[in-house]
Amino acid sequence: MSLNTLRPYLMVAPSLIIFLLFFIYPIFYMIYLSFTSWNLISPDKTFVGVANYVELFQSQDFRQVFFNTVIYTVLTVFLSLTVALLLALWLNKSSAIYGIVQGAIFSPYIISLVSVSLLWMWMMDPQYGLLNWVLNLFHLPPSPWLTHTDTALLSLVVVGVWKIVGYNALVFIAGLQSIPKDLYEAAALDEASQWATFARITLPMLSPTLFFLLVVNTIASFQVFDTVQIMTQGGPVNSTNMLVYYIYEYGFDFFKIGYASAAGVVLLVIVGVMTVFHFRFMAKRVHYR
Amino acid sequence: MITVEKMLKIVEWTGLAVITLIFVFPFIWMMITALKSLPETVVFPPEWIPETWMWSNFKVAWSSGPFLRYFFNSLFVAVAILVLQILTMVPAAYAFSRYQFPGRGFLFGLTMAALMIPPQITFLPVFLQMSEWGFINSYIPLILPYAASAFGIFLLRQSFMQVPEELIEAARLDEASEWRIMWRIMVPMARPVLVTFGLFSFIYHWNDYFWPLVMTNSDAFRTLPIGIAMLKDAEGGIAWNIVMAGNMILVIPILIVFFVAQRQIIRAFVYSGVK
Amino acid sequence: MAAIELKDVSKRFGNQTVIRNLNLWVEDGSFTVLVGPSGCGKSTTLRMIAGLEQVSDGEIRMNGDPINHLPPGKRDVAMVFQNYALYPTMTVRENIEFGLKNKKVPKKERQQLIEEITAVVGLEAYLDRKPSTLSGGQRQRVALARAMVKKPKVFLMDEPLSNLDAKLRAQMRTELIELHKKLGTTFIYVTHDQVEAMSMGDKIVIMNEGEIQQATEPMEIYQQPANLFTALFIGTPPMNIIEKDKIPQLHSHNKDIVYVGFRPEKVVLSNEPLEGGLTLPAEIVNREILGHETIYQMEMSGIPFKVKHYDHPLEEGMRLFAYIAYKNLYFFDREGRRMEVEENKADLQTVAGGVRVCP
Ligand SMILES: Nc1ncnc2c1ncn2[C@@H]1O[C@H](COP(=O)(O)OP(=O)(O)OP(=O)(O)O)[C@@H](O)[C@H]1O
Ligand SMILES: [Mg+2]
């Protein structure tokens with residue numbers, strides 16, 4: 001083979017070796033591990049069939065973890081998208097002041113989740129925290145925030161929304177700005193009401209953006225980890241334990257590699273399904289254009 | 001005379017102020033706390049202005065662990081990743097955009113698959129692999145898995161496809177090697193995309209907590225986010241003033257970059273996400 | 001300096017044959033123009049010479065040596081592209097220098113060459129500008145300078161003037177002709193504009209559907225078209241072509257003649273029949289006054305043809321005799337090949353393009 005035929009393969013090889021080694025192969029390795037029992041220390045991995053999965057689905061803990069993850073995801077995605085859409089409609093103006101506000105709401109997105117978690121942990125301190133002072137200001141009773149099973153998960157949702165809503169709003173604004181202006185001019189000529197213009201033009205034209213954000217946010221929320229690990233460690237009494245943290249705990253604290261891998265496969269399937277959804281939709285959108 | 005319009009204007013401005021406060025005040029609160037003395041952090045209602053500005057908190061935070069090491073590790077890892085990513089993605093994007101070769105579709109499909117697989121799924125098997133190879137407690141597990149970026153290849157390929165074929169042909173007639181065409185013709189033309197990607201990659205890896213947490217277990221290779229998060233595990237309860245001082249060390253570089261290059265950063269994250 | 005030879009060259013894209021058995025000899029130092037309608041394969045031919053496209057069959061030779069296997073950079077050719085293909089991120093100087101650097105020409109020599117070339121094309125003042133800040137004509141010059149600085153054996157140009165406005169195009173045309181004289185290098189120039197071809201080339205290659213129709217000097221193409229295609233391609237308005245059977249006035253015993261042609265500017269209009277040529281009674285149906293010339297749409301019992309004149313305009317509706325000297329008649333066979341029919345070349349003194357109308 002001449003250099004010319006080999007050349008493109010040599011060009012893509014470094015990247016593809018990395019992808020195969022650290023993204024593709026680990027998936028298969030994890031699937032294999034999920035059928036074994038292994039504690040990291042013993043030299044051999046015993047094949048146990050689907051035992052890990054059986055244990056997983058029978059586990060009360062796992063059921064709760066799964067449930068927590070779903071609740072967290074639904075709430076975070078719903079709240080952050082709704083608030084972001086409202087913010088976008090409000091802030092989609094060109095004068096400088098709106099630019100500043102846009103920058104402000106976006107800033108949490110580029111800050112490390114470590115900082116965000118510590119900061120909110122401090123503000124959510126039940127005794128000396130800023131948030132309870134604010135509640136007090138409005139004559140509301142103080143909240144236990146992260147320290148109570150009723151409020152801990154919701155507290156994480158608040159942090160999740162605060163972190164991502166600015167990003168979502170700016171993506172919405174980008175979407176709004178890509179809607180051709182003449183559509184609005186035509187609607188104005190037809191004397192369409194503001195609500196009709198929103199429902200018949202803005203929302204449909206924004207639906208690809210909305211779908212994109214829905215998928216991206218859902219996938220991201222399903223993998224929440226940093227806030228859990230730093231702020232609650234899954235507690236109190238497992239009320240904020242979620243999938244990735246659960247896998248992490250079983251892998252790194254309890255050394256049940258096979259079991260953790262089985263949970264990993266569950267996460268893989270969920271993310272996989274959402275990704276396929278995403279691609280289906282993208283392919284369709286190409287048709288519409 | 002206060003007209004309805006004026007009223008609305010006032011309401012809107014108040015609203016804007018409240019929104020801004022919700023997103024910005026936590027950072028201000030972080031700074032205020034970082035300058036308080038320990039007793040001042042445990043009063044309710046909270047004090048707004050510290051009595052004496054405790055600049056020493058930063059020193060305490062910084063010397064409570066090998067923070068110089070953490071800081072260096074963070075910088076080194078983020079920069080090394082970025083350099084390697086650019087070195088690997090330029091040829092890959094060039095091949096995917098400009099060469100016809102058997103298997104191109106399949107290989108690009110693999111790249112897109114890698115784009116879709118998050119580290120939160122692969123961390124356990126990758127960790128096991130790394131420890132089998134004896135790489136834990138080195139920079140390798142922090143850097144190597146990120147040495148190529150599927151996202152970067154995707155972005156750069158789009159940009160390379162915009163370059164007119166004539167330009168490449170002109171360069172070939174000018175006796176330029178493929179290597180030179182890549183770096184002297186294609187890369188300069190894709191500069192905005194590379195800047196965008198660079199900001200994205202650097203901020204992501206500077207901030208990253210999950211991967212270094214999983215892949216390191218000695219101070220020698222831990223990065224700043226891990227060090228900062230460990231501040232709260234100090235004996236005898238959390239000293240929030242110290243934790244917030246540490247937090248500032250992590251946040252300030254990013255906020256400075258954000259102030260300087262706000263537009264590019266927003267574009268990096270927002271528009272590259274939409275496309 | 002080099003002569004280029006294409007021997008039985010074919011080019012296929014997939015199963016579509018774009019160039020079929022092309023044989024071409026480009027003389028050393030000539031200004032050869034490839035001309036033909038869009039899609040006829042001019043660019044493909046040029047690109048095969050440059051090495052940007054591989055030949056499917058046949059051989060390309062430079063000074064007798066085959067160059068098929070050589071990559072573009074090693075063929076000692078330079079190319080000027082239609083859209084200039086200047087490197088947008090480099091300054092004018094860097095654009096010109098790029099090829100030299102790749103050839104590892106020492107810095108001092110590079111500087112000297114650049115000075116020399118920029119003086120020729122008049123770009124001294126723009127060396128540190130980016131191409132995007134230059135006008136179309138200036139970009140064109142940069143493209144030329146970039147080609148020239150390599151001192152190639154052959155210049156290849158693919159419609160280099162088509163992006164310029166009419167005035168600038170005329171100016172650049174003259175400049176290119178002068179440049180060719182000064183350098184004495186072989187130029188191969190692609191255009192689909194016959195005026196450009198006629199005015200610039202010392203050899204014209206007319207192509208159609210991947211085949212060469214005729215390759216010779218401009219005047220010969222005009223005077224001795226090889227076939228209907230070249231006859232119709234060169235000249236504005238094109239040659240009038242009429243089926244022989246529709247012209248009862250024409251007596252010939254040659255059964256092979258199917259078409260008769262004559263150029264609009266070779267017709268003499270007169271109000272009485274003239275001897276020694278073909279005389280057709282006709283009426284002016286329409287006229288197009290262009291100032292220095294007038295083009296008449298004529299009709300002879302339902303058969304239209306065109307006449308071009310330089311005298312003051314005649315009225316529409318006039319009935320006249322159109323006279324064409326025998327030597328200005330062309331004859332074509334069924335396949336469109338031109339036939340030499342000596343007997344009709346009776347020598348007659350007429351003033352071509354003149355009018356013999358008594359008012
Ligand atoms: N890369 C290619 N793949 C497939 N077909 C091609 C390719 N390049 C050219 N062709 C075809 O070859 C034929 C000749 O193309 P070419 O570009 O040589 O024409 P041209 O004479 O230069 O026309 P124009 O005056 O429009 O530039 C056309 O039918 C074109 O569609
Ligand atoms: Mg062409």
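Given the structure is predicted, the values throughout are model-derived calculations rather than measurements. Throughout, protein chains are lettered first and strands after them, A, B, ... in sequence-line order, and every chain is numbered starting at 1.
No more than 12 heavy atoms of other residues, nucleotides or ligands lie within 6.0 Å of CZ in B:F259, so this atom counts as exposed by the packing criterion. Other residues, nucleotides and ligands contribute over 12 non-hydrogen atoms within 6.0 Å of the NZ atom of C:K103. Environment of OH in C:Y126: sparse, with no more than 12 heavy atoms of neighbouring residues, nucleotides or ligands closer than 6.0 Å. A 6.0 Å sphere centred on CD of C:Q112 holds no more than 12 heavy atoms belonging to other residues, nucleotides or ligands. By the neighbour-count criterion of 12 heavy atoms within 6.0 Å, atom CH2 of B:W13 is sparsely surrounded, having that number or fewer from other residues, nucleotides or ligands.
Between B:D174 and C:K150, the closest heavy-atom pair is OD1-NZ, 2.9 Å. C:A50 approaches B:L173 most closely through the heavy-atom pair O-CD2, 3.9 Å.
Neither the backbone nor the side chain of C:L100 comes within contact range of chain B; no heavy atoms are under 4.5 Å apart. Heavy-atom distances place both the backbone and the side chain of B:R184 under 4.5 Å from chain C. Proximity to chain B (any heavy atom under 4.5 Å) is shown, for C:V77, by both the backbone and the side chain. Contact of C:R47 with chain B is made through the side chain alone, with heavy-atom distances under 4.5 Å.
The ring-ring contact (aromatic ring centres under 6.0 Å, His included) check on B:F197 picks up nothing, with sequence neighbours excluded.
Ranked by non-hydrogen atom pairs under 4.5 Å with chain B, the options C:A143, C:G73, C:P71 are led by C:G73.
A distance of 7.5 Å separates CD of C:E53 from CD of B:E169, quoted to the nearest 0.5 Å. Taking OH of C:Y87 as the start and CE of B:M186 as the end, the distance is 12.5 Å to the nearest 0.5 Å.
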Problem - Worked check of side-chain contact (heavy atoms from CB on, under 4.5 Å) between C:K101 and B:R180 - result: CA-CA 11 Å; C:K101 276 188 177 165; B:R180 238 172 111 68; 4.0 Å; yes
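Applying a 4.5 Å heavy-atom cutoff, the residues of residues 160-167 of chain B that approach chain C are B:E166, B:L167.
Proximity of C:P88 to B:M189: side-chain heavy atoms (C-beta onward) are separated by under 4.5 Å at one or more points.
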